[in-house]
J.: 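Quick one: the structure is below, and I'll ask about it shortly.
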Amino acid sequence: MTDNSPITLVATINIKEGKEERAEELWKVLHDDIIANEVGRVAFKLHRSDKPGTYIGIYEFASETVSKEWLGGPLHMEVGEKVSEEGLAATEPDIRWVRPVKWQ
């Protein structure tokens, strides 16, 4: 059964040297789409680490159902294919799923 409470994906991604600008362009496409079409359902933040080429992407989803819809959607799949085809990633991303603490 799918849990419909909020869920967050935290992805640490290592980009090859010299490919950072292109990777950021692709992430901006995702960001702009989220702002235009997904407010209230998906939020996306991208952070640069102190370690060159290392980024942390934080995707906050309104529910697990929304996460499955968005991650399986055409734009996310297209951007992922471009990252792969263009050889931008130095390693596979480290993906962590977390849920917010519910204070009583």
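Predicted model, so just to flag it, every value in this text is computed and none were measured.
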J.: Under 30°, 30 to 60°, or over 60°: which ring-plane class applies to Tyr59 and His76, parallel, tilted or perpendicular?
T.: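 Ring orientation of Tyr59 relative to His76: perpendicular.
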
J.: If you group Ile, Leu, Val, Met, Phe, Trp and Tyr by side-chain heavy-atom gaps below 4.5 Å, do Ile34 and Val83 land in one group?
T.: yes

J.: So, Lys82 and Glu78, do they make that salt bridge, N to O below 4.0 Å?
T.: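 Result for this pair is yes, salt bridge flagged.
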
J.: Same cluster or not: Leu71 versus Ile35, using hydrophobic residues (I, L, V, M, F, W, Y) connected whenever any side-chain heavy atoms lie under 4.5 Å apart?
T.: no

J.: Under a 4.5 Å cut-off applied to non-hydrogen side-chain atoms, are Asp33 and Trp70 in contact?
T.: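 In contact.
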
J.: State whether the number of non-hydrogen atoms from other residues, nucleotides or ligands found under 6.0 Å of Arg99 atom CZ is greater than 12.
T.: yes

J.: Would Trp97 and Ile56 show up in the same hydrophobic cluster when neighbours are defined by side-chain heavy atoms closer than 4.5 Å?
T.: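 Shared cluster, no.
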
J.: Going only through I, L, V, M, F, W and Y residues with side-chain contacts under 4.5 Å, is there a path from Leu9 to Ile13?
T.: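 Yes, same cluster.
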
J.: Would you name the heavy atoms of Pro100 and Pro6 that are closest together and state the gap between them?
T.: CD-O, 3.4 Å

J.: Test salt bridge (Lys or Arg N to Asp or Glu O under 4.0 Å) on Glu64 and Lys68; report intermediate values, then the result.
T.: CA-CA 6 Å; Glu64 191 174 326; Lys68 289 177 182 179; 3.4 Å; yes

J.: Within this structure, what is the OG-CD distance for the pair Ser67 and Glu60, rounded to the nearest 0.5 Å?
T.: 13.0 Å

J.: Over all heavy atoms of both residues, which pair between Gly40 and Ala62 is shortest? Give the atoms and the distance, please.
T.: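 Heavy atoms only, the tightest pair is O-CB, 3.7 Å.
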
J.: Going from CG on Asn14 to NZ on Lys19, what distance comes out if it is rounded to the nearest 0.5 angstrom?
T.: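 Between Asn14 CG and Lys19 NZ, I get 15.5 Å after rounding to 0.5 Å.
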
J.: Applying side chain to side chain donor-acceptor pair (under 3.5 Å), run through Glu20 and Tyr55 and close with a yes or a no.
T.: CA-CA 9 Å; Glu20 297 92 348; Tyr55 294 84; 5.7 Å; no

J.: Same cluster or not: are Leu30 and Ile58 linked, directly or through other Ile, Leu, Val, Met, Phe, Trp or Tyr residues, by side-chain heavy atoms under 4.5 angstrom apart?
T.: no

J.: Would you say Leu26 and Leu88 make side-chain contact, with heavy atoms under 4.5 Å?
T.: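 Yes; the side chains approach each other to less than 4.5 Å.
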
J.: Closer than 3.5 angstrom, by distance alone: can the side chain of Arg96 be matched with the main-chain N or O of Ala11 as a donor-acceptor pair?
T.: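 Not confirmed, Arg96 side chain does not pair with Ala11 backbone.
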
J.: State whether Glu86 and Lys16 are salt-bridged, where the test is any N-O pair (Lys NZ or Arg NE/NH1/NH2 against Asp/Glu carboxylate O) under 4.0 Å.
T.: no

J.: Using a strict 4.0 Å threshold on nitrogen-to-oxygen distance, state whether Glu25 and Arg22 make a salt bridge.
T.: yes

